[in-house]
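Below you will find the structure I want to go over with you.
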Amino acid sequence: MNRSLVKQLRALVGKENVLDADEDLLLYGYDATPAGPVTAPEAVVLPGDAEQVAAVVCLANEAGLPLVARGAGTGLTGGARPLRGGLVLSTQRLNRVITIDEENLQAVVQPGVVTEQLQQQVEARGLFYPPDPQSRATCTIGGNLAENAGGPRALKYGVTRTHVLAAEVVLPQGQLVRLGARTVKSVAGYDLLSLLVGSEGTLGVFTEATLRLLPLPPARHTLLAVFAELEPAARAVVEVMRAGILPSAVEFMDGAALRCVEQYEPCGLPDSAQALLIVEVDGGPAQVAEDAAAVDRVLRRAGAVEVRLARDDAQAADLWRARRSAGPALARIAPLKVNEDIVVPLSQLPRAVTGIQDLAAEYDSRCAIFGHAGDGNLHVNFMADPSRPEEVTRVEEAVARMFELVVSLGGSITGEHGVGTTKQAFLGLEVPAAVMDVMRRIKRELDPAGIMNPGKIFPLTENDARAKDE
Ligand SMILES: Cc1cc2nc3c(=O)[nH]c(=O)nc-3n(C[C@H](O)[C@H](O)[C@H](O)COP(=O)(O)OP(=O)(O)OC[C@H]3O[C@@H](n4cnc5c(N)ncnc54)[C@H](O)[C@@H]3O)c2cc1C
C-alpha cells in the first residue's frame, strides 16, 4: 500500500495500531472457513473508538480502498477474508462492556466483546443473554450481529436479531449513526437496524450494540437420547415440539458425527448409536422437572433406546462439550470439510436427513450431520481429500443437489453462517431475481464506492473497490 495512506492511517489511530508486517497481513487473511481464497490485506487497522472507526472508513471511501471489518475470524463462509487486499479493520481493541443496566434489562457493549464473556458477566447478576453460537468462547458480538448468529437456544429465545435493541454503526461513506431505540418497542420509520443485522459487514461497521437481556432461568435440565436408527431420531424432534413443551435446545448428532467426537475427545457417547439428541429445558425448578419427565416419555415413545438425564451441571456440561466438539473433531479427520448450515421446516426434518444420507451414498461421499435440529437447522459436513480432485467434484455435486433438496422442502440454504463467498452460487435458488435486484440496489445506494467487504453475499463486480496495488 502506498506509504502516504499508511501514514494517514497511523495519524488517525496511532502508529502501533496499524500493522503492515508480512506475518501480520497473512494472519488477518484467514478466517475459520475450511476452503476458498485467502488473500492478505495491505494493512490492518485497530481503532480504539467509534470516531476512529468513522475516520478510517471515511479515508477508505475517499481512497476507494476495500475495507473488511473483523471480529474473531470464526466465520465459516469467508466473510472476514479480504478478497481484494485493502484494509482489515479489527475490533479487538473495542472490547468493553460499557454498561449492564439491571433496571431496563439491557447491556451496552462494544463490538469486540467476546460473546461468552458478556454472558458470564450478565449471569453473575442473575441476567441472561441467550444467543449462544457454539463458537461463543471466541467469537465477538460484532461478528454475531453481522452474521445474525444463532445457536442451540435460538429455538426458544430467537437469533441475535431478537436481542438487539439498538446499534451504533459507521456507514460505508463514514457517517456514524444510531439505529433502533433503547426501548423494547419502536416502529419509527424503516427498520434499518434489522437490515444491518445479518448484512455480513457489507453495509456498515458496528461500533456499539444495545442488547436485550432476560432474567436468568433458575433451573435447567439436560437429557441425552440414543437412537439405533436415524429417521426415528429426526421424527422424535418433531414429536418433542408437538408435545406442548418448548425446550431451550434440541441438538442432533448422527452416528458419523458422534463416533468422530468420541475419537477426538472421549465423552462417553454410545458409539454404536446411529443418532442422538441432546434436549435442554429451562425455567422454574418445578416446571423444569415436569418438562424433563415429559420429554423423557416422548423420546422413549419415539423410539429412543436409552434416555439419560444429566445428574448435575458437570454432567450437563460434558454433554454440551461433546456437542461443541463436533465441528473441530470432523475438521481433524478430513482435510477438506464442506460445512453447510441448511434449515428446513421442522416437519421436513426426517425427509431432509434421509435425503442427505441418500445423496452421500449416491455420490460415495463421507458425510456427518449435526446441529440445532429443534429449529430445523442442520450442519451437514461433506468430507473429501483435496489431493483427489475427483472426490472433491463428487462432494461439490452432492452439495449442489442438497441445496436443491432443501429449497424444494421449503427450507433455506443458510440458517446462521451467512452467504459470504461460499454460498453465492446457490443464493439464486432461494432468493427470486427481483428480490436480488433490490438487495444489490440497497448495497449500491449505501456503498457507491463498493468499499465495504466487497465480494461478499454477491460476487465481485467492476464497481467494487480494489487494492491500490492491483
Ligand atoms: C466451531 C465453530 C462453531 C460455530 N457455531 C456457530 C453457531 O452455533 N451459530 C452460528 O450462528 N455461528 C456459528 N459459527 C460461525 C461464527 O462463529 C459466527 O458467524 C460468529 O458470529 C462470527 O463472529 P466473529 O467475531 O468470529 O466474526 P468474524 O468471523 O470476524 O466476521 C464474520 C463477519 O462479520 C463481519 N464483522 C465482524 N465484526 C463486524 C463489525 N463490528 N461490524 C460489521 N461487520 C462485522 C465480518 O466482516 C464478516 O463478514 C461457528 C464457528 C465455528 C468455528
Side-chain angles (χ1 to χ4, degrees), residues 28-34 41 47 50 53 57 66-83 86-95 109-118 131-155 158-161 164 167-172 196-209 249 251 320 323-332 337 339 341 343 370-372 375 377-379 381 414-422 452-457:
Y28 285 86
Y30 279 91
D31 63 4
T33 314
V53 174
V57 173
L67 180 143
V68 180
R70 181 186 175 95
T74 66
L76 291 168
T77 53
R81 293 185 181 192
L83 299 183
L87 302 179
V88 161
L89 184 152
S90 164
T91 57
Q92 68 200 62
R93 291 177 64 222
L94 302 171
N95 59 0
V109 305
Q110 290 188 312
V113 168
V114 171
T115 310
E116 188 172 72
Q117 288 175 9
L118 172 67
D132 58 343
Q134 296 297 277
S135 50
R136 66 185 177 183
T138 38
C139 67
T140 65
I141 294 294
N144 294 170
L145 262 66
E147 296 291 348
N148 192 16
R153 293 181 194 142
L155 170 62
V159 291
T160 298
R161 184 177 281 137
V164 186
E168 184 187 70
V169 186
V170 176
L171 297 176
L196 266 284
V197 175
S199 64
E200 304 189 26
T202 63
L203 299 178
V205 181
F206 291 105
T207 51
E208 190 187 286
E251 294 290 298
W320 280 107
R323 164 61 188 86
R324 270 194 278 274
S325 300
L330 290 170
R332 202 183 52 120
K337 176 174 77 89
N339 171 3
D341 67 318
V343 206
F370 60 90
H372 320 304
D375 55 21
N377 184 194
L378 295 175
H379 298 299
N381 298 266
T414 173
E416 47 186 29
H417 297 163
V419 176
T421 54
T422 60
M452 198 60 78
N453 210 358
K456 308 302 162 61
I457 305 180

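Because the structure is a prediction, the values reported are computed rather than measured. Whatever order the structure lists ligands and atoms in, that order sets their numbers, starting from 1.
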field: From Asp31 atom CG to Leu76 atom CG, the distance as rounded to the nearest 0.5 Å
entry: 7.5 Å

query: How does Glu416 reach ligand 1, by side chain, by backbone, by both or by neither, if only non-hydrogen atoms under 4.0 Å count?
result: both

statement: shortest atom 36 (N) of ligand 1-to-protein heavy-atom contact is with Ala146 CB, 3.6 Å

- request: Flag the pair Val53 / Leu94 as yes when at least one side-chain heavy-atom distance between them is below 4.5 Å, and no otherwise.
  value: yes

message: Does only the side chain of Pro111 get under 4.0 Å from ligand 1, or the backbone, or both, or neither? Count heavy atoms.
response: side chain

query: If we only count N/O pairs under 3.5 Å, is Gly79 in contact with ligand 1?
result: yes

message: Is it true that His372 and Gln134 share a donor-acceptor pair across their side chains at a distance under 3.5 Å?
response: no

query: Taking the non-hydrogen atoms of Gly204, is any one of them nearer than 4.0 angstrom to ligand 1?
result: yes

- request: Compute the shortest N/O to N/O distance between Leu76 and ligand 1 and return yes if it is under 3.5 Å, no if not.
  value: no

statement: Under 4.0 Å between heavy atoms, the region of His372 that gets near ligand 1 turns out to be side chain

task: Provide, to 0.1 Å, the distance between atom 33 (C) of ligand 1 and the closest protein heavy atom, together with that atom's residue and name.
output: Glu147 OE2, 3.1 Å

field: For Pro66 against Pro454, the heavy-atom pair lying closest together
entry: CB-CG, 3.8 Å

statement: Under 4.0 Å from one or more heavy atoms of Ala80, ligand 1 contributes atoms 30 (O), 31 (O), 48 (C)

message: To check your reading of the model: name the closest protein heavy atom to atom 11 (O) of ligand 1, its residue, and the distance in Å.
response: Gly150 N, 2.9 Å

statement: atom 41 (N) of ligand 1: closest protein heavy atom, distance to 0.1 Å, is Phe206 O, 3.2 Å

query: Does Arg136 have a heavy atom less than 4.0 Å from any atom of ligand 1?
result: no

- prompt: Tell me, which protein residue and heavy-atom name are nearest atom 53 (C) of ligand 1, and how many Å apart are they?
  reply: Thr74 O, 3.5 Å

Throw together a table of side-chain donor-acceptor distances under 3.5 angstrom for residues 142-150, partners on residues two or more places apart or in other chains.
from, atom 1, to, atom 2, distance (Å)
Asn144, OD1, Thr115, OG1, 2.7
Asn144, ND2, Thr140, O, 3.1
Asn148, OD1, Arg161, N, 2.8

query: Between Thr91 and ligand 1, which residue portion shows a heavy-atom distance shorter than 4.0 Å: side chain, backbone, both, or neither?
result: side chain

- prompt: Under 4.0 angstrom from ligand 1, any heavy atom of Glu200?
  reply: yes

- request: Please work out whether any backbone atom (N, CA, C, O) or any side-chain heavy atom from C-beta onward of Asn453 is under 4.0 Å from ligand 1, and answer side chain, backbone, both or neither.
  value: side chain

query: If you measure every N/O of Asp132 against every N/O of ligand 1, is any gap under 3.5 Å?
result: no

- line: Under 4.0 Å between heavy atoms, the region of Lys456 that gets near ligand 1 turns out to be neither

query: Heavy-atom contact under 4.0 Å between Gly73 and ligand 1?
result: yes

Distance-only N or O hit between ligand 1 and His379, under 3.5 Å: no

statement: Looking only at non-hydrogen atoms, the one of Asn377, Leu145, Asn339, Asn144 nearest atom 21 (O) of ligand 1 is Asn144

- prompt: Less than 3.5 Å between some nitrogen or oxygen of Ala69 and one of ligand 1, yes or no?
  reply: yes

statement: Between Ile141 and the options Val114, Asn95, Val164, Val109, the side chain to side chain contact (heavy atoms under 4.5 Å, CB included) test singles out Val109

message: Please list the nearest protein heavy atom to atom 12 (N) of ligand 1 with its residue and the distance rounded to 0.1 Å.
response: His417 CD2, 3.7 Å

message: Is there a side-chain contact (heavy atoms from CB on, under 4.5 Å) between Asn377 and Glu416? Walk through the geometry before answering.
response: CA-CA 8 Å; Asn377 184 194; Glu416 47 186 29; 3.3 Å; yes

task: Step by step, work out the side-chain contact (heavy atoms from CB on, under 4.5 Å) result for Thr77 and Val419.
output: CA-CA 6 Å; Thr77 53; Val419 176; over 6 Å; no

query: Does atom 3 (C) of ligand 1 have a protein heavy-atom neighbour under 4.0 Å away?
result: yes

query: Under a 4.0 Å N-O cut-off, is there an ion pair linking Arg323 with Glu251?
result: yes

field: Protein residue, atom and distance nearest to atom 29 (O) of ligand 1, heavy-atom basis
entry: Gly75 N, 2.8 Å

Which residue and heavy atom of the protein sit nearest atom 27 (O) of ligand 1, plus the separation: Gly143 CA, 3.5 Å

